[in-house]
Amino acid sequence: MAFWLMKSEPDVWSWAQQVKKGIEPWTGVRNHQAAKNLRTMAVGDKAFFYHSNDGREIVGIVSIVKKAYTDPSDETGKFVCVDVKAEKPMPKPVTLAQVKADAKLKDMALIKLSRLSVQPVSEAEWKHICKLGGL
DNA sequence: GCCAACGTTGGC
DNA sequence: GCCAACGTTGGC
């Protein structure tokens with residue numbers, strides 16, 4: 001099982017909406033590196049749900065319930081989406097400031113590749129963030 | 001609101 | 001195929 005981090009602007013798609021909906025296609029990715037990560041995902045993989053821009057914190061965990069398929073919102077048919085399911089919220093959301101301040105997390109793509117919206121997370125980083133988040 | 005980083009577009 | 005111009009993302 002692999003771990004990921006997926007960004008969403010809460011104005012567009014928030015954690016609260018994800019929880020209410022349960023399962024939702026993760027559409028709108030138009031970046032090749034992010035799309036490559038989507039294609040690498042397997043059913044059962046887990047991902048942090050991160051609020052970019054407004055919030056800048058990891059607010060919950062989702063799981064991948066359907067592997068990559070053609071994004072219905074993409075007219076060119078080149079990009080893909082996956083279906084994600086809300087698993088559980090972070091008891092204590094982990095902020096970007098916390099991630100930046102933590103020596104164990106300083107190499108995360110979240111910091112180094114700040115514009116990448118779908119990114120891999122190592123198992124060590126995953127466990128550490130879960131601990132910080134109160135899980 | 002500004003700006004750095006990065007991706008895309010289009011002229012050559 | 002190069003690169004300047006421009007658009008977008010996302011932190012501050």
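Keep in mind that this is a model prediction, so the values were computed, not measured. Chain letters run A, B, ... following the sequence lines, proteins first, then strands; residues in each count from 1. Hydrogens, waters and symmetry mates play no part in the numbers below; they use all other heavy atoms, side chains included.
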Taking for each residue the nucleotide of DNA chain B with the nearest heavy atom, is it A:Ser114 or A:His32 whose nucleotide lies nearer the 5' end?
-> A:Ser114
Nearest-Å distance for atom pair CG/P, residues A:Leu110 and C:dC12 = 10 Å
Could you tell me whether A:Lys66 sits above the aromatic face of A:Tyr69, with NZ or CZ closer than 6.0 angstrom to the six-membered ring centre and within 45 degrees of the axis?
-> yes
Within a reach of under 6.0 Å around NZ of A:Lys46, are more than 12 heavy atoms found that belong to other residues, nucleotides or ligands?
-> yes
Side-chain contact check for A:Ser117: nearest option of C:dG11, C:dG10, B:dG7 is C:dG10
Phosphate-side-chain proximity, A:Tyr50 and C:dG11, N/O vs OP1/OP2 below 4.0 Å = yes
Let me know the distance between CZ of A:Arg56 and P of C:dG10, rounded to the nearest Å.
-> 12 Å
Can you get from A:Val62 to A:Met1 by hopping between Ile, Leu, Val, Met, Phe, Trp and Tyr side chains that sit under 4.5 Å apart?
-> no
Grab the CG-P distance between A:Asp54 and C:dC12 for me, whole Å please.
-> 14 Å
Report yes if at least one side-chain N or O of A:Lys112 is closer than 4.0 Å to OP1 or OP2 of C:dG11; otherwise report no.
-> no
Rounded to the Å, how far apart are A:Arg115 CZ and C:dC12 C1'?
-> 16 Å
Which sits closer to the 5' end of DNA chain B, A:Arg30 or A:Asn53, going by the nucleotide each is nearest to?
-> A:Asn53
From CD of A:Glu9 across to P of C:dT8 the rounded distance in Å is 13 Å
So what does A:Leu113 hit on the nucleic acid, given a heavy-atom distance under 4.0 Å: a base, only sugar-phosphate, or nothing?
-> nothing
Distance-only side-chain donor-acceptor flag, A:Arg30 / A:Ser117, under 3.5 Å = no
A:Leu116 CG to C:dT8 P: how many Å, rounded?
-> 19 Å
Figure out the CD1/P separation between A:Ile111 and C:dG10, and round it to whole Å.
-> 15 Å
Side chains of A:Gln119 and A:Trp4: do they bring a donor and an acceptor to under 3.5 Å?
-> no
For A:Lys7 and C:dG10, is the shortest distance between a side-chain N/O and OP1 or OP2 below 4.0 Å?
-> yes
A:Lys100 atom NZ is separated from C:dG11 atom P, nearest whole Å, by 8 Å
